[in-house]
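Below is one structure, written out as structure tokens; the observations come after it.
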Amino acid sequence: MPLRLLSTNLAELQVEIPVARLSRTFQDAIQVLPWLGLSYIWIDSLCIIQDSAQDWAKESAMMADIYSNSHCNIAAAHAADGTYGCFIERDAGLVAPLKLDLNWGSVPGVYYAVPPGIWDKEVMETPLNSRAWVCQERYLAPRNLIFGKTQLLWECHDCSACETFPGGLPPGVSKMLKSLDPHVSGAAFRRRWSHPEAPELDVFGLWDEIVEQYSKGQLTFPGDKLVALSGLASRIQKNVQSDYLAGLWRKHLPDQLLWLVESRVPAERLALYTAPSWSWASVHNVIIKECWVADAEDREMLLEIQEAKTQLVHEANPFGQVKAGYIRARGYLARAGVHLQQQKPHSHISDLVIEDCNVGKTWADSYKREEDAVAHHGLYYLPIDNKKRLLRIEGLVLREKSIGSGEFVRFGKFTIAEGAIKSFQALCREHSTGSRQDGTSEDTKDWGPKLEFTIV
């Protein structure tokens, strides 16, 4: 175990920190400082008392200020742990730009040969970026100096570069800029999902991008799920101007409930309580957001949020750990007449079947522990959004916490194709009224009367 700041050695390290007792990576980073003209360095394990929950809670709430006010973040991306260091032995000639003079083809001229996926291989798909904590450090720092497997790389709000392309990665190779400006990164994320231009929604596109990247990382302590993102959440709130609810925002909350887990990796809900079931932070897996917050003219909202609250572990950090949370809402529910048919064993994707017809799909948040629920069909279906552009209904699959309680936990997400919406509406009417006949009042037309319930 490398030297760490503890309550037992605080006085000693306030006098001197013996560099020889630090990990190789920290020693190399200290060597880099004078080359950058810097005199001070922040190292979490030496600046936060590691065995003090009180100091950790206080300092973790300040991460946005610490990293965003830094000069530069030094990242040993290739290193699996602190013993690897920043520097590597390599042949510098292998990273020199490979210039080609092509005198054939439809557009002859001078070209550069570019290694495919250079940014992903050197930065994103590295041991360092497999750590969830690194996500906010990377976004918040104004500049990142990255020590990769073969070369140095650079990232700031204006440029992504490397030794092969020191003037900036060429078109088609460069990635989305590491910017917290919603009208830059957020707008680009919305364009990626073919959403129409809507500047007021750009911040939600930015948050979706952050959550998707963050959820790919691993945490040593599952309880850090929200804390390790708290610095970014505090920064994003300045643009959202809305209450923060365990990884989601009160503004446009119904749309944000429609996250789903990535299908290629086994999904499971965290055993340790980290967030309400309706929050992506309750699940251990890669979260796909797909920029769900849509334009008002693009959808019909079917769920009415009456109240949404979370209970914090530490009141001093409104973006940190929570110990409870709920959503009180009014909406439509269907149960009888709908069942799931798993596409293949041990998969969290199932076909949604109404009257023996395959009408849509469901994605379970955790198929390891909830296969019995799928088998017994004891599930409810809550439509949230009629997405007109996508020609489908999207909603949540719920399970009642206890019979007759009116409290539900999230099981997963579902979609229903446009052609089956009438059949689904009839099932919602039947659940609320006991009859599939059309209602007569405006409130009961097509869907039936809205019901009140709580999701925890």
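- You'll find the side chain of Leu46 stays beyond 4.5 Å of the side chain of Arg4, heavy atoms only.
- Note that the CG atom of Leu333 and the CD atom of Glu430 stand 13.5 Å from one another [nearest 0.5 Å].
- From Ile384, atom CD1 reaches atom CG of Asp255 across 8.5 Å, with rounding to the nearest 0.5 Å.
- Counting only N and O atoms by type, the side chains of Ser179 and Asp181 include no donor and acceptor under 3.5 Å apart.
- Between Glu400 and Tyr380, the side chains place a donor N or O and an acceptor N or O closer than 3.5 Å (distance only, hydrogens not considered).
- Judged purely by atom type and a 3.5 angstrom limit, Ser279 has no side-chain atom pairing as donor or acceptor with the backbone of Ala275.
- One side chain, Arg269 or Ser282, offers a donor N or O that lies under 3.5 Å from an acceptor on the other.
- Between Thr415 and Ile393, the closest side-chain pair of non-hydrogen atoms is not below 4.5 Å.
- Among the candidates His339, Lys361, Gln341, the single residue satisfying the side chain to side chain donor-acceptor pair (under 3.5 Å) test with Asp351 is Lys361.
- Taking the six-membered ring for Trp and the full ring otherwise, the centers of Tyr381 and Phe411 sit at least 6.0 Å from each other.
- Separation of the His78 and Phe147 ring centroids does not fall under the 6.0 Å cut-off.
- The main-chain N or O of Arg250 is found under 3.5 Å from a side-chain atom of Ser242 such that the two form a donor-acceptor pair.
- A heavy-atom distance below 4.5 Å is not found between the side chains of Val456 and Phe408.
- In this structure, Arg330 contributes its side chain and Ile305 its backbone to no donor-acceptor pair below 3.5 Å.
- Note: Arg131 CZ to Asn129 CG = 9.5 Å, rounded to the nearest 0.5 Å.
- The CD atom of Gln31 sits 4.5 Å away from the CZ atom of Phe87 when rounded to the nearest 0.5 Å.
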Go through the steps to decide whether Tyr40 and His71 satisfy the test ring-ring contact (aromatic ring centres under 6.0 Å, His included), and finish with yes or no.
CA-CA 10 Å; Tyr40 299 93; His71 176 80; over 10 Å; no

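- Aromatic ring centres of Tyr332 and His431 lie farther apart than the 6.0 Å criterion allows.
- A cation-pi arrangement is found for Arg410 relative to Trp259, the charged atom lying closer than 6.0 Å to the ring centre and inside a 45° cone about the ring normal.
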Does the pair Glu355 and Lys422 meet the rule for a salt bridge (Lys or Arg N to Asp or Glu O under 4.0 Å), with working shown?
CA-CA 13 Å; Glu355 297 177 346; Lys422 291 294 183 183; over 6 Å; no

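- To the nearest 0.5 Å, atoms CZ (Arg392) and CD1 (Ile416) are separated by 12.0 Å.
- Under the 3.5 Å distance criterion, the side-chain polar atoms of Trp56 are left unmatched by any main-chain donor or acceptor of Ile49.
- The backbone N or O of Glu212 lies less than 3.5 Å from a partner atom in the side chain of Ser215, making a donor-acceptor pair.
- Counted within 6.0 Å of NZ on Lys251, heavy atoms from surrounding residues, nucleotides or ligands total more than 12; the atom is thus considered enclosed.
- In the displayed structure, Gln54 atom CD is contacted under 6.0 Å by at most 12 heavy atoms of other residues, nucleotides or ligands.
- Using a distance-only test at 3.5 Å, with no hydrogens or angles considered, a donor-acceptor pair links the side chain of Gln50 to the main chain of Ile48.
- Under the 4.0 Å criterion applied to side-chain N and carboxylate O atoms, Glu155 and Arg138 are assigned as salt-bridge partners.
- Here Leu33 contributes atom CG and Ile41 contributes atom CD1; the two are 4.5 Å apart, rounded to the nearest 0.5 Å.
- Neither side chain, Glu209 nor Ser185, offers a donor N or O lying under 3.5 Å from an acceptor on the other.
- Within the 4.5 Å cutoff, the side chain of Trp207 has no heavy atoms near those of the Val240 side chain.
- Ion pair Glu452/Lys450 not flagged as a salt bridge, since none of the NZ, NE, NH1 or NH2 atoms sits closer than 4.0 Å to an Asp/Glu carboxylate oxygen.
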